[in-house]
Every structure is written in structure tokens, then in C-alpha cells.
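Read the structure below first, then the notes.
One is the number of the first residue; the rest follow in order along the sequence.
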Amino acid sequence: MSILELLDIKYPIFVAPMAGVSTPQLAAEVSNAGGLGSLGLGAASVDAARKQILETQQLTTQPFQVNFFCHQSVSSSTTANQNWIEYLKPQFEKLGATPPQDLDCIYPSFMDNDDLLNLVLETKPKAVSFHFGIPHPHQIQALKEAGIITMVSATNLAEAKAIEAAGIDIVIAQGIEAGGHRGIFNENFDAGIKTSDLVKLFTAHIQLPVVAAGGIMNGFQAQYLINHGAQAVQLGTAFVQCPSSSANSAYRDALFSKPITQVTSSISGRPARGIVNAWAMEIDLPTRTAVAPYPYAYDLGKQLHAAATKQENQSFGAFWAGSNVTQIRQLDAENLMEQLVVEMGQYD
Ligand SMILES: Cc1cc2nc3c(=O)[nH]c(=O)nc-3n(C[C@H](O)[C@H](O)[C@H](O)COP(=O)(O)O)c2cc1C
């Protein structure tokens, strides 16, 4: 069965689930335009996730996906957390702020939270996708029994094979160009493969439908990847600028400032690609201390950004963006979808 049939969508275009940027409006606009809308719920509580899913179901009758994080949970390492707080302390002080005494696990993993599984089973979105790993077998089984399509991001062949062996329906090939967090299962190993090579690798070695993600800003790039075996494409950065995303004005301005992107673990404790700012220039020094584990480091990163924002300083924002961000266009989601479809030559 093709991806279009599996997901019951008209065009092979997904807006990426983007925690902190996705909104029910953006998801519904993409779904109503014939693509797959997405909700990034990795940072949401069960109640906030429920609210977003129900709101999206009010705004569209078309299929959409919800997305959660499947990181292996790390118990709080006091030493690593304390070292990281100490390393960032001078930055807080420059902003007239005091760093916290300790760090919290701000994003529990889907794997440790069956309330999230029960929410998905109760609200029944068409598809659910996972980042950073594969859910437990009982979770996959329950989703399958409920008829919900499952998808997992992979950045190398071993991850893709594990996804296939676990009985997941679709693999998302996330290339090194991608904005946001690397979907790597092991935060200490990143093969750094580009999107087009991943698509070729996966289509040659596994049977699952492949969705290409990373650096796709227009329909020509999307069609190139489809011609090389991808069944669909997932775009994040291109949609961040849409009026219906929840990106703030500093983030929107940064996207259009002809930025350069870089991968850093300093903001959250896991590698992620974003616009070069004070994190790259002042924190990622050759003498940097080992970063605290995810998501503890993210707790501190968000607090540093909040302290800077109080001083009207946006230079510690987590402005996630892919390496082709300079090709960004100012279009609302409906027009962006229309443009992508025309460029892909699929207009009817
Ligand atoms: C702002 C932003 C937030 C993201 N958040 C998530 C997320 O919550 N879950 C996820 O699976 N992927 C997330 N991603 C990664 C996307 O799924 C996708 O791999 C990436 O956007 C593709 O590259 P592109 O940004 O160049 O299109 C995020 C990407 C961006 C840009």
C-alpha cells in the first residue's frame, strides 16, 4: 500500500511535528490542503496534548499525525548537572540573574508515560510518530490494534533496521541538513548522513515506506527525493514562518536574516540544528565542559534564554532551522502547500 493510501492523504507532503512551534491551526491548514498536518507534543503535558489534539479535530476532518519523544530516560546526574550549571553561571551573572540550584527532567519520555499512549488510543489521530527512539513493544502493539499508523525517525541504517524489526509502519529518513533535534537513538553517535543518501540507503536495504526530511525548502527538492525512492517528504523549517505557527517575532526575524545553522548539544543536551547565535559563539568554546544530559540541560538552556529575554536579549533563543534556511519563503501554510504541489508537478 502506498503512503498516500496508508495515511489517506492527497499529496505526499508532511509538515514536520515541531514541539514549541506546531499549533492546531498550522496542522489543520496543512491537512485541509491535502498534506499531513502534525502536532509536536513531545514537550506537552497529557492535558495540553489532549487540548491540542481535540482542537485540531475541530479544525479539520482530514488525517494528521501527533509526535512524541522516545528518549532513554537518564536518571538525574547531580555531578553532570552541577558542572553544567557552573559552566553557564557567568552567562546568568552577565544578565544579572542567578542560575538554579538543580535541574529538572522537563520532558518525560513517551516510553515512561502510558498516559500519553492512552491519550492517543482515546483520541485516535491517523498517525503517531516518534523521535529519538522506538516505543516499547506493548505500546506499538496497542497502537496497531487501534489501527493507528506508526512512524519513527532514523538517521542511519541500523536505526532504520531496528524500526523495521519493531513492526513500525513508516520510517522517516532525517538527514543531517534537518532543523531541530537529530533523531539519533544514541546521543553519542551521529553518522551525519545527508537526506538524499539516507533515502537511497533505506530504499535499498529496508522494505518500509520512506519519508525524506532535512533541508527541503521547495517542491523541486522534494520531487528529487521522491524520484530517488522517498514516498513522501517532511518539511519543518519551511513552515516555521507561517503565520499560524507559534514562533515568536525574534525567531521569525532570525529566519529571514540570511542565517547560518550549526548543530549543538549545548541548548538541550542532545544535538540539534539551529541558527548560530550566542550558544555557538559563547558557549560552544573548545574549553566547554561536558553538557548535562537531555532534558536536564534543556531546563537550564530555557532558563538562560528566559533571563536574557528579560533584558530584551534574544541571543540565547533555540531558533531551530535546517541548513537550507536561507531559501525560506514568506507564505502562509495554504499557499506554501499550493506552491510545493505546483513545483512537484502534482497539480491537478
Ligand atoms: C523548529 C523545529 C522543531 C522540531 N521539533 C521536532 C519535534 O518535536 N519532533 C520531531 O520528530 N522532529 C522535530 N523537528 C525535526 C523535523 O521533524 C524534521 O526532521 C526537520 O524539520 C526537517 O528538516 P528541515 O527543517 O530542514 O525541513 C523539528 C524541526 C524544527 C525546525
Does this structure show an ion pair linking Arg273 with Glu177, if we count only N-O contacts that are shorter than 4.0 Å? no
Just to verify, what does [X] make a side-chain contact (heavy atoms from CB on, under 4.5 Å) with, not counting sequence neighbours?
| X | value |
| --- | --- |
| Gln314 | Asn248, Ala250, His305, Thr309, Phe319 |
| Gln101 | none |
| Ala212 | Thr195, Val199, Ile216, Leu225, Ala230, Val233 |
| Ser45 | Asp47, Ala48 |

What side-chain donor-acceptor pairs closer than 3.5 Å can you find for residues 65-72, not counting sequence neighbours?
from: Gln65; atom 1: OE1; to: Ser129; atom 2: OG; distance (Å): 2.6
from: Gln65; atom 1: NE2; to: Ser38; atom 2: OG; distance (Å): 2.9
from: Gln65; atom 1: NE2; to: Gln234; atom 2: OE1; distance (Å): 3.2
from: Asn67; atom 1: ND2; to: Ser129; atom 2: O; distance (Å): 3.3
from: Asn67; atom 1: ND2; to: Ser129; atom 2: OG; distance (Å): 2.8
from: His71; atom 1: NE2; to: Tyr107; atom 2: O; distance (Å): 2.9

List for me each residue that meets ring pair (Phe, Tyr, Trp, His ring centres under 6.0 Å) alongside Tyr224, sequence neighbours excluded, and say none if there are none.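 Residues passing ring pair (Phe, Tyr, Trp, His ring centres under 6.0 Å) with Tyr224: His228.
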Checking [X] now: which residues fulfil side chain to side chain donor-acceptor pair (under 3.5 Å) with it, not counting sequence neighbours?
| X | value |
| --- | --- |
| Thr60 | Asn32 |
| Asp299 | Gln303 |
| Ser153 | His131 |

Is it the case that the side chain of Arg329 and the backbone of Leu336 share a donor-acceptor pair, with hydrogens and angles ignored and the cut-off at 3.5 Å?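 Flag not set: sc Arg329 to bb Leu336 has no pair under 3.5 Å.
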Quick one: name the residues clustered hydrophobically with Phe14, using the 4.5 Å side-chain heavy-atom rule over I, L, V, M, F, W, Y, and just say none if it's on its own.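 Members besides Phe14, by chain and number: Met1, Ile3, Leu4, Leu6, Leu7, Ile9, Leu36, Ile149, Met151, Ile170, Ile172, Val211.
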Can you name the residues that form a salt bridge (Lys or Arg N to Asp or Glu O under 4.0 Å) with Asp332, not counting sequence neighbours? none
Which residues satisfy the salt bridge (Lys or Arg N to Asp or Glu O under 4.0 Å) test with Lys161, sequence neighbours excluded?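 For Lys161 there are no salt bridge (Lys or Arg N to Asp or Glu O under 4.0 Å) partners, ignoring immediate neighbours.
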For the residue pair Trp84 and Tyr87, does the interplanar ring angle fall in the parallel (under 30°), tilted (30 to 60°) or perpendicular (over 60°) class? parallel
Mind checking whether Tyr294 and His181 have ring centres under 6.0 Å apart? yes
So if I apply the side chain to side chain donor-acceptor pair (under 3.5 Å) rule between Gln141 and each of His138, Lys144, Glu145, Gln139, which one comes out positive?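 Only one option passes, and that is Glu145.
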